[in-house]
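Quick caveat: nothing in here was measured; it's all calculated off a predicted structure. Values below: all heavy atoms of this structure, side chains included; hydrogens, waters and symmetry mates excluded.
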Amino acid sequence: MNGGPPLTGSAFTQKYLDGTPVSALFAFSSNLMPPDGPGQYSPAEYVDLIAFILRENGIESSGAPMPTNPVALDKMIVQK
Ligand code: HEM
């Protein structure tokens, strides 16, 4: 699992897409990813990556750009 666990599928869904706020994915990714340089991207780039991951998981976009503000991300609850 050196390249990391799958970012789609049932384990990922249970952890991040089952009533979980998007802020959890944002905090994990921006604090710990990528392992060789955590935090090296801007908040806007991290939310773009998260939007891509959500889309790959079949989560529909509202059409509005995803916010980078942690309070707003806390209020975005993903329920697959
Ligand atoms: C900025 C790009 C990246 C993003 C947004 C990202 C995102 C994530 C996310 C959301 C998880 C949590 C998965 C889960 O808990 O099921 C994760 C875990 C992990 N990723 Fe990444 N990842 C990135 C790049 C990388 C790269 C380049 C590697 C390795 C070469 C990597 C290795 C890992 C590993 C080993 C874990 C498991 C960490 C743990 O459970 O403590 N990631 N990543």
Side-chain angles (χ1 to χ4, degrees):
M1 195 164 90
N2 280 348
L7 302 184
T8 59
S10 58
F12 187 76
T13 297
Q14 271 181 20
K15 214 162 167 180
Y16 289 108
L17 311 179
D18 189 14
T20 321
V22 174
S23 54
L25 269 177
F26 181 79
F28 185 93
S29 299
S30 58
N31 291 330
L32 296 169
M33 291 291 134
D36 67 352
Q40 69 179 275
Y41 302 112
S42 68
E45 287 169 323
Y46 278 108
V47 297
D48 278 353
L49 288 162
I50 289 166
F52 172 78
I53 293 167
L54 293 177
R55 186 151 39 97
E56 289 295 305
N57 279 279
I59 307 286
E60 292 286 330
S61 164
S62 70
M66 192 177 292
T68 54
N69 176 334
V71 176
L73 290 176
D74 252 349
K75 291 185 186 144
M76 289 182 69
I77 307 295
V78 182
Q79 183 70 67
K80 196 177 174 187

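Hydrophobic cluster membership is shared by Leu32 and Val47, with clusters built from Ile, Leu, Val, Met, Phe, Trp and Tyr side chains linked at under 4.5 angstrom.
Listed by first then second residue, pairs satisfying side-chain hydrogen bond (donor to acceptor under 3.5 Å, both in side chains) with a partner in residues 51-67 number zero, not counting sequence neighbours. The ring pair (Phe, Tyr, Trp, His ring centres under 6.0 Å) analysis of residues 3-24, with sequence neighbours excluded, yields the pairs Phe12-Tyr16. Screening residues 36-69 for ring pair (Phe, Tyr, Trp, His ring centres under 6.0 Å), with sequence neighbours left out, gives Tyr41-Tyr46.
To the nearest 0.5 Å, atom OG of residue Ser30 and atom CD of residue Glu45 are 12.0 Å apart. Atom CG of residue Asp74 and atom CZ of residue Phe26 lie 11.5 Å apart, to the nearest 0.5 angstrom. One finds the CD1 atom of Ile50 at 10.0 Å from the CE atom of Met76 (value rounded to the nearest 0.5 Å). The distance from the CG atom of Leu25 to the OG1 atom of Thr20 is 8.0 Å, given to the nearest 0.5 Å. With rounding to the nearest 0.5 angstrom, the CD1 atom of Ile77 is 11.0 Å from the CG atom of Asp18. Here the CG atom belonging to Leu54 is positioned 10.5 Å from the CG atom belonging to Leu7, to the nearest 0.5 angstrom.
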Item to complete: Carefully, step by step, assess Ile59 and Lys80 under the rule side-chain contact (heavy atoms from CB on, under 4.5 Å).
Response: CA-CA 7 Å; Ile59 307 286; Lys80 196 177 174 187; 4.1 Å; yes
Practice prompt. Carefully, step by step, assess Met66 and Leu73 under the rule side-chain contact (heavy atoms from CB on, under 4.5 Å).
Written response: CA-CA 8 Å; Met66 192 177 292; Leu73 290 176; 4.0 Å; yes
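Considering every non-hydrogen atom in both Asn31 and Pro38, the closest pair reads O-CB, 3.3 Å. Between Gln40 and Pro34, the shortest heavy-atom contact is NE2-CG, 3.3 Å. In plain terms, the two heavy atoms of Ser23 and Pro70 that are nearest each other are CB-O, 4.2 Å.
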